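Source: prediction; values computed, not measured. Letters go in sequence order (proteins before strands), and every chain restarts at 1.
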Amino acid sequence: MADKDFFDQVYQVVRLIPKGRVTSYGAIAAYLGAKGSARLVGYAMNAAGSQKPKVPAHRVVNRNGLLSGKHHFATPFTMQELLEKEKVKVDNDRVVDFKTKFWDPSIGLAL
DNA sequence: GTAATGACCTTGG
DNA sequence: ACCAAGGCCATTA
């Protein structure tokens, strides 16, 4: 676990996600220049729970704004609970106004 | 070292 | 418009 090139990058971006905002795996992957490697972002999230600096993986959802990885949290409700705490309403495991709450790293970090 | 899997996305029929 | 399959990179067994 010495080389965290892609992982560390993903963790950094995810940690930089503002509260009440959500991003998608593809967005992070594309920001890192690995558009086709969206799966790696998801995989990185899997290791996120193993990382020391806890990563707000609950702010990361799939392209449809669906809480795909909610099942990987402590409990399937953890992700939704955390999102609701961030004032992000979730309906049917789906982020409300996802496109509005969507936070693009290239935009958020660029501005 | 090889094979299979994975919290995805894109493209083709 | 909908359904299906492939591709990508890294980790783990």
Side-chain angles (χ1 to χ4, degrees):
Chain A
M1 305 300 196
D3 303 271
K4 318 176 243 158
D5 298 327
F6 209 91
F7 279 50
D8 192 19
Q9 287 288 37
V10 176
Y11 302 141
Q12 285 289 348
V13 177
V14 175
R15 272 190 276 172
L16 286 166
I17 298 174
K19 290 170 94 178
R21 283 296 140 82
V22 273
T23 186
S24 58
Y25 306 91
I28 299 169
Y31 175 69
L32 299 176
K35 185 191 157 196
S37 307
R39 302 187 89 176
L40 275 302
V41 182
Y43 208 86
M45 296 285 100
N46 187 4
S50 247
Q51 292 307 305
K52 311 275 191 54
K54 239 166 151 202
V55 183
H58 58 269
R59 289 181 192 159
V60 186
V61 294
N62 66 346
R63 209 36 171 165
N64 286 314
L66 191 73
L67 307 183
S68 49
K70 70 167 207 159
H71 208 275
H72 283 254
F73 280 80
T75 60
F77 296 94
T78 309
M79 191 169 191
Q80 182 161 342
E81 283 278 307
L82 289 166
L83 284 170
E84 287 196 336
K85 276 185 184 177
E86 300 292 318
K87 303 296 185 285
V88 180
K89 288 171 184 172
V90 179
D91 176 59
N92 193 1
D93 299 342
R94 183 181 55 193
V95 178
V96 179
D97 294 326
F98 173 67
K99 60 183 189 136
T100 305
K101 300 263 164 98
F102 183 78
W103 178 82
D104 197 320
S106 59
I107 295 172
L109 296 175
L111 292 175

Study note, to complete from the structure: Applying side-chain hydrogen bond (donor to acceptor under 3.5 Å, both in side chains) to A/Arg15 and not counting sequence neighbours gives none

Exercise for review: Determine, for nucleotides 8-13 of chain B in 5'-to-3' order, which nucleotides have protein heavy atoms under 4.0 Å from the base (write B), from only the sugar-phosphate (write S), or from neither (write -).
Suggested key: BSS---

Exercise for review: Applying side-chain hydrogen bond (donor to acceptor under 3.5 Å, both in side chains), name anything that partners A/Ser24, two or more places apart in sequence or on another chain.
Suggested key: A/Arg63

Review point. What pairs with A/Asp93 under salt bridge (Lys or Arg N to Asp or Glu O under 4.0 Å), at least two apart in sequence or on another chain?
Key: A/Lys70

**Study point:** Pairs flagged by ring pair (Phe, Tyr, Trp, His ring centres under 6.0 Å) wherever residues 53-94 of chain A is involved - sequence neighbours left out
**Key:** none

Exercise for review: Take the protein atom CG of A/Leu32 and the nucleotide atom P of C/dC8, then report the distance between them rounded to whole Å.
Suggested key: 18 Å

**Study point:** Residue list, side-chain hydrogen bond (donor to acceptor under 3.5 Å, both in side chains) with A/Thr100, at least two apart or on another chain
**Key:** none

**Study point:** Interatomic distance, A/Leu66 CG vs B/dA7 P [rounded to whole Å]
**Key:** 13 Å

Practice item. Could you measure between the two C1' atoms, the one in B/dA7 and the one in C/dC3, and give it in whole Å? Key: 23 Å

Point to revise | Pairing residues for A/Val90 by the side chain to side chain contact (heavy atoms under 4.5 Å, CB included) criterion, not counting sequence neighbours | key: A/Leu67, A/Gln80, A/Leu83

Review point. Heavy-atom contacts under 4.0 Å between residues 86-95 of chain A and DNA chain B, which residues?
Key: none

Exercise for review: Mind listing the closest non-hydrogen atom pair of A/Ala29 and A/Val41 along with its distance?
Suggested key: CB-CG2, 3.6 Å

Exercise for review: Go through C/dT11, B/dA7, C/dC9 for me and flag the one nearest to the A/His72 side chain.
Suggested key: B/dA7

Review point. Excluding sequence neighbours, so at least two apart, what forms side chain to side chain contact (heavy atoms under 4.5 Å, CB included) with A/Asp91?
Key: A/Arg94, A/Val96

Point to revise | For A/Arg39, side chain to side chain contact (heavy atoms under 4.5 Å, CB included) partners two or more places apart | key: none

**Study point:** Between C1' of C/dC9 and CG of A/Leu40, the distance in whole Å
**Key:** 4 Å

Review point. In whole angstroms, how far is the C1' atom of B/dG6 from the CG atom of A/Asn46?
Key: 8 Å

If you restrict it to nitrogen or oxygen atoms, what contacts under 3.5 Å exist between nucleotides 2-5 of chain C and the protein, and what is each distance?
none

Point to revise | A/Val10/A/Tyr43 under side chain to side chain contact (heavy atoms under 4.5 Å, CB included): CA gap, chis, key distance, verdict | key: CA-CA 10 Å; A/Val10 176; A/Tyr43 208 86; over 6 Å; no

Exercise for review: Identify, with sequence neighbours excluded, every residue that meets side chain to side chain contact (heavy atoms under 4.5 Å, CB included) alongside A/Lys19.
Suggested key: A/Arg59, A/Glu86

Check your understanding: Which is true for A/Ala57 with a 4.0 Å heavy-atom rule: it touches a base, it touches only sugar-phosphate, or it touches nothing?
Key -> base

